[in-house]
Amino acid sequence: MTPSVGVVIPTTGKRPEQLRAATRAVLAQDYPGRIDLVIVVDGGDPAAVAEQVAVAAPSHDGERPRVRVLPNRLSPGLPGTRNTGIAASDTDLVAFCDDDDVWLPGKLAAQRRALSGGADFASCSIEVEYGTSRVPRLAGVSRITKDHLVRSRMAMVHSSTFLFRRGAYWVDESAPAGQNEDWDLALRAAKRQPIAHVDRPLVRVRWGASQYVAQWADRIAGLEWMLARHPELAVDPRGAARIYGQLAFHNAALGRRGEAGRWALRAFAARLGEPRAPIALAVAAGLVSAPTVLAALHGRGHGI
């Protein structure tokens, strides 16, 4: 029997066009099992959001997907919004999709096959859309391990790719400003057993519309939260250098030159070739702005 899937889309209701596109893409999935779409509104008006996404759901085997719009009933922010959707689902599996991303055809079916090997958590590769560019981000593997996620953030293991067995995982609502809640969830899943990964770009991730791009202080708090929650992140030299380089960059973006310099030195000490450290020092010195750096990286499908 094909497992049913509850798809959780968190939203504030401020991106109606993107939300409609995300909703249509979920409902267009050629998936033989039941799909239950739960749109959870954080701080907005659920009735207004329901009007935004009033689209006819196509039927699969004579059964139309159920579409519900609910208010966030847990802590404000992305983690509580996701958990509200999980709690409202009665399906076998749960999937996430951000309101500015789009699932591509075949996403659910391919991941369901990947889970059939006994895994309880699946991801897939992505296509990063930024401006007019679309860049595929592949993992090069079919299983994502704890070591992969310690050494690298693995951008393709994105929240909009997550599919997991309902009841197995919840989002940690202590994540500061919701930062890194998806990385934390994936890392916890990989510690239990490797994540089943479909190495094809089956989700289009739209970085240009993200509301988190320039929240430097929140990003710093999120990285410090991850280091405290997962001490092994500071053990792998490559992974530690990457995080220290990010902390240097975010501090430089805030004009904290001393902090940026200290984190850059830690990055160099962990791994001399860490590229984020000199970039952060250039931002701290005023040679280039942080938004300019991000725009150049995002155009190539990468982040800092």
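In this text, all values refer to a predicted model and were calculated from it rather than measured experimentally.
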[Y] side chain reached by [X] side chain, heavy atoms, under 4.5 Å:
X: L93; Y: L108; value: no
X: R242; Y: R151; value: no
X: V67; Y: L27; value: yes
X: L115; Y: R165; value: yes
X: M154; Y: I195; value: no
X: R219; Y: Q246; value: no

Given 3.5 Å as the limit, does a donor-acceptor pair link the side chain of [X] with the main chain of [Y], or not?
X: S125; Y: M156; result: no
X: N83; Y: V171; result: yes
X: D101; Y: R206; result: yes
X: S4; Y: D92; result: yes
X: R188; Y: W170; result: yes
X: R153; Y: V157; result: yes
X: Q29; Y: L104; result: yes

When hydrophobic residues are tied together by side-chain contacts of less than 4.5 Å, even through go-betweens, does [X] share a cluster with [Y]?
X: W183; Y: V150; result: yes
X: I304; Y: V288; result: yes
X: V102; Y: F96; result: no
X: L163; Y: V198; result: no
X: L74; Y: V38; result: no

query: For residues 276-287, which residue pairs qualify under salt bridge (Lys or Arg N to Asp or Glu O under 4.0 Å), counting only residues two or more places apart or in two chains?
result: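 The answer is E274-R276.
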
Taking all heavy atoms of [X] and all of [Y], pick out the closest pair and write down the distance.
X: D172; Y: P79; result: O-CB, 3.7 Å
X: E224; Y: L247; result: CG-CD2, 4.4 Å
X: A88; Y: L70; result: CB-CD1, 3.6 Å
X: R166; Y: D90; result: NE-C, 3.6 Å
X: P136; Y: P201; result: CB-CG, 4.4 Å
X: D182; Y: S159; result: CB-CB, 3.8 Å

query: CG of L185 to OH of Y169: how many Å apart, nearest 0.5 Å?
result: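 Spacing of CG (L185) from OH (Y169) equals 8.0 Å.
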
task: Rounded to the nearest 0.5 Å, what's the gap from CG on D218 to CH2 on W225? Could you check?
output: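 Here the rounded value is 13.0 Å.
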
message: Side chains of T145 and D147 only: does a donor on one sit below 3.5 Å from an acceptor on the other?
response: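 No, no side-chain donor-acceptor pair sits under 3.5 Å.
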
- prompt: Under 6.0 Å from the six-membered ring centre of F162 and within 45° of its axis: does the NZ or CZ of R82 meet both?
  reply: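 Judged by the rule (NZ or CZ under 6.0 Å from the ring centre, within 45° of its axis), R82 is not positioned above F162.
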
message: Which label fits F164 and F121: parallel for a plane angle under 30°, tilted from 30 to 60°, or perpendicular past 60°?
response: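 F164 and F121: parallel rings.
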
message: If you apply the rule side-chain hydrogen bond (donor to acceptor under 3.5 Å, both in side chains), what do you find for S89 with D36, and how did you get there?
response: CA-CA 7 Å; S89 299; D36 180 2; 5.0 Å; no

message: Can you tell me if R143 has over 12 outside heavy atoms packed within less than 6.0 Å of its CZ?
response: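 Atom CZ in R143 is not crowded, with 12 or fewer foreign heavy atoms closer than 6.0 Å.
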
message: Using a 6.0 Å cut-off, check whether atom NZ of K191 has over 12 heavy atoms from anything other than its own residue.
response: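 Atom NZ in K191 is crowded, with more than 12 foreign heavy atoms closer than 6.0 Å.
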
message: Taking D99 first and then R15, would you say they form a salt bridge - that is, a charged N and a carboxylate O separated by under 4.0 Å?
response: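 Between R15 and D99 there is a salt bridge, with a charged N closer than 4.0 Å to a carboxylate O.
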
Pair D236 + K146: basic N to acidic O under 4.0 Å: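 Between K146 and D236 there is no salt bridge, as every charged N stays at least 4.0 Å from the carboxylate O atoms.
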
- request: Just jot down the ring pair (Phe, Tyr, Trp, His ring centres under 6.0 Å) partners of H158, sequence neighbours excluded, or say none.
  value: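 Per chain and number, H158 pairs via ring pair (Phe, Tyr, Trp, His ring centres under 6.0 Å) with no residue.
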
- prompt: Which ILVMFWY residues are connected to L272, directly or by a chain of links, through side-chain heavy atoms under 4.5 Å apart?
  reply: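 Once heavy-atom contacts under 4.5 Å are chained together, L272 belongs with F268, L281.
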
